[in-house]
Visitor: 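Can you read through this structure? Questions will come right after.
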Amino acid sequence: MLILGLSVDDMWEMYGEFLITYACETGWQKMLFCMANNLQEFLDNLNSMHYFIDKIAFKSEMKGPTFQCEPFGESGLKLHYFSFRQGLFPIVKGLVRKTARLLFEMDVKVSMLERNQERRKSGMVEHVIFSVEPDDNHRKGKRLFHKFRNTKNYDSSPAYNLTKSMLIGLRDFKNIFPYHVCFNKQMVIEHIGIYLFREYGLEYKKTLKVSDLMQLVQPSDIQLTYKNVLSYLNTLFIFQLKHHSKRNEVQEGSSEAFQQPLVLKGEMRPLKDGNSIIFICSPHVTTVKLNFERFRYTKLSADIQPFIKVKVQMGKSTITVIENHQNQRKLGQSK
């Protein structure tokens, strides 16, 4: 670094630029292009991308960083970065700048606004807040502003009104979304999808909290509170049910007793009354084997298996591409 005349932070910024360039050159460019229509959506989807890479593609135990993105001022964005690894935040500056240039053909200015330490469920994390400002051609009022930031006018975040905007009743809604969970500020469930209602014997439960029914898997480093859920609206949420459903119950000591309960994956959306959040989700499976294990006793099995098989095959294709790149690198190193 003394020879190059660069500081440690400058080196990490250059590494961030190299990282996205290397990813595009080694087969990830199409997937990165498909992640979003603009830079804000791309930053919103970083948590989902890290989950796919860490837990599905490479099955790593490494805890990647997490991000939160929100509008900032007339044209800018505010990006929150959380990491268990200290001092690596300059990577984000280089990565965001290079991503904007390669994927969205724009130049952005990334500045650090604040840096502090926060205690999370798994320990202390570094919390760094960045401001991201577009170039003159991508500011608000310009024709290309839509490539930088979402142009829909939300008060604070997307919200649904289940009473006025829907042309269906709550009973039909429960059937259309059989796994959904709607809860209030006290984390008490207000209504729930028909599958969960029937299969988990909830007809006899008058007051049920979210934590009584399921436990949070992803995001892994936050407490399950209403405030935290609101802060992570753009993040992938994964829950695991705490008990087996009625039809999937097994006797203690049987060969199937090791099977995990149902896992649900989806997104959180606030309702327009401001007092409730709805979790819109579907069963989370990554292999055909898991599909059969989780749904072998359910009536929904025949309906959803064809779709899950297609999804799993697409995932396998992506993982095959990753493995091919790894094999090519090993061959190159051996030469």
Side-chain angles (χ1 to χ4, degrees), residues 35-37 40-41 44-49 51-52 55-56 66 68-70 150 152 154-200 202 208-220 222 224-242 245 261-286 291 294-295 298 300 303-304 307-308 310-311:
M35 279 179 59
N37 294 315
Q40 182 181 359
E41 288 183 4
D44 282 340
N45 288 327
L46 282 176
N47 293 337
S48 298
M49 183 189 73
Y51 180 83
F52 172 79
K55 306 299 182 184
I56 299 176
T66 56
Q68 289 175 239
C69 186
E70 58 184 328
N150 292 332
K152 291 182 179 180
Y154 297 121
D155 292 337
S156 58
S157 58
Y160 296 123
N161 188 332
L162 293 184
T163 57
K164 294 183 179 179
S165 60
M166 287 205 318
L167 300 177
I168 60 173
L170 185 57
R171 181 179 177 181
D172 292 328
F173 186 85
K174 291 178 181 180
N175 283 284
I176 295 171
F177 297 98
Y179 301 97
H180 88 272
V181 179
C182 182
F183 55 92
N184 60 24
K185 288 184 176 180
Q186 288 71 45
M187 302 301 288
V188 174
I189 295 174
E190 296 183 336
H191 55 83
I192 198 165
I194 192 66
Y195 176 83
L196 297 180
F197 183 78
R198 289 178 178 173
E199 292 301 319
Y200 288 86
L202 304 182
L208 183 70
K209 287 196 170 186
V210 175
S211 56
D212 296 331
L213 178 66
M214 51 193 186
Q215 61 186 22
L216 183 63
V217 176
Q218 182 75 16
S220 60
I222 65 170
L224 184 58
T225 64
Y226 195 88
K227 182 180 178 181
N228 283 342
V229 172
L230 283 178
S231 300
Y232 279 81
L233 289 178
N234 296 319
T235 298
L236 174 74
F237 276 82
I238 298 178
F239 286 90
Q240 180 174 295
L241 277 292
K242 289 190 172 181
S245 65
L262 180 66
V263 178
L264 300 175
K265 178 177 72 173
E267 61 178 341
M268 298 286 186
R269 282 290 173 256
L271 304 184
K272 282 191 175 178
D273 60 10
N275 297 316
S276 303
I277 293 176
I278 190 166
F279 178 46
I280 300 293
C281 58
S282 60
H284 176 45
V285 291
T286 55
N291 173 37
R294 298 269 169 87
F295 301 103
T298 68
L300 293 171
D303 297 329
I304 67 174
F307 301 101
I308 293 179
V310 171
K311 185 177 179 181

Visitor: For Phe177, does its backbone N or O pair with a side-chain atom of Tyr195 as donor and acceptor, under 3.5 Å?
Guide: no
Visitor: Between Leu230 and Pro270, what is the shortest heavy-atom contact and its length?
Guide: CD2-CB, 4.4 Å
Visitor: Which heavy atom in Ser276 sits nearest to a heavy atom in Glu190, and how many Å separate them?
Guide: OG-OE1, 3.0 Å
Visitor: If you compare all heavy atoms of Lys242 against all heavy atoms of Asp212, which two are closest, and at what distance to 0.1 Å?
Guide: CD-O, 3.9 Å
Visitor: Please name the pair of heavy atoms, one in Leu264 and one in Leu241, separated by the smallest distance, quoted to 0.1 Å.
Guide: CD1-CD2, 3.7 Å
Visitor: Side chains of Lys185 and Lys227: closer than 4.5 Å at any heavy-atom pair?
Guide: no
Visitor: Looking at side-chain heavy atoms only, is the closest gap between Ile189 and Leu202 below 4.5 Å?
Guide: no
Visitor: Should Phe183 and Leu213 count as side-chain neighbours, where that means a heavy-atom distance under 4.5 Å?
Guide: no
Visitor: Which one of Leu46, Asn47, Ile222 satisfies the side chain to side chain contact (heavy atoms under 4.5 Å, CB included) criterion with Thr66?
Guide: Asn47
Visitor: Is the shortest side-chain heavy-atom distance between Met214 and Val181 below 4.5 Å?
Guide: yes
Visitor: Could you walk me through whether Asn228 and Thr225 pass the side-chain hydrogen bond (donor to acceptor under 3.5 Å, both in side chains) check?
Guide: CA-CA 5 Å; Asn228 283 342; Thr225 64; 3.2 Å; yes
Visitor: Has Gln240 got a side-chain atom pairing as donor or acceptor with Val217's backbone, closer than 3.5 angstrom?
Guide: no
Visitor: Determine whether Ser231 and Gln68 satisfy the following criterion, side chain to side chain contact (heavy atoms under 4.5 Å, CB included), listing intermediate values before the conclusion.
Guide: CA-CA 8 Å; Ser231 300; Gln68 289 175 239; 3.7 Å; yes
Visitor: How close do Leu233 and Arg269 get, counting heavy atoms only, and between which atoms?
Guide: O-NH1, 3.4 Å
Visitor: Closest approach of Ser282 and Tyr179, non-hydrogen atoms and distance?
Guide: CA-CD1, 4.5 Å
Visitor: Parallel, tilted or perpendicular: which one describes the rings of Phe239 and Phe237, with boundaries at 30° and 60°?
Guide: parallel
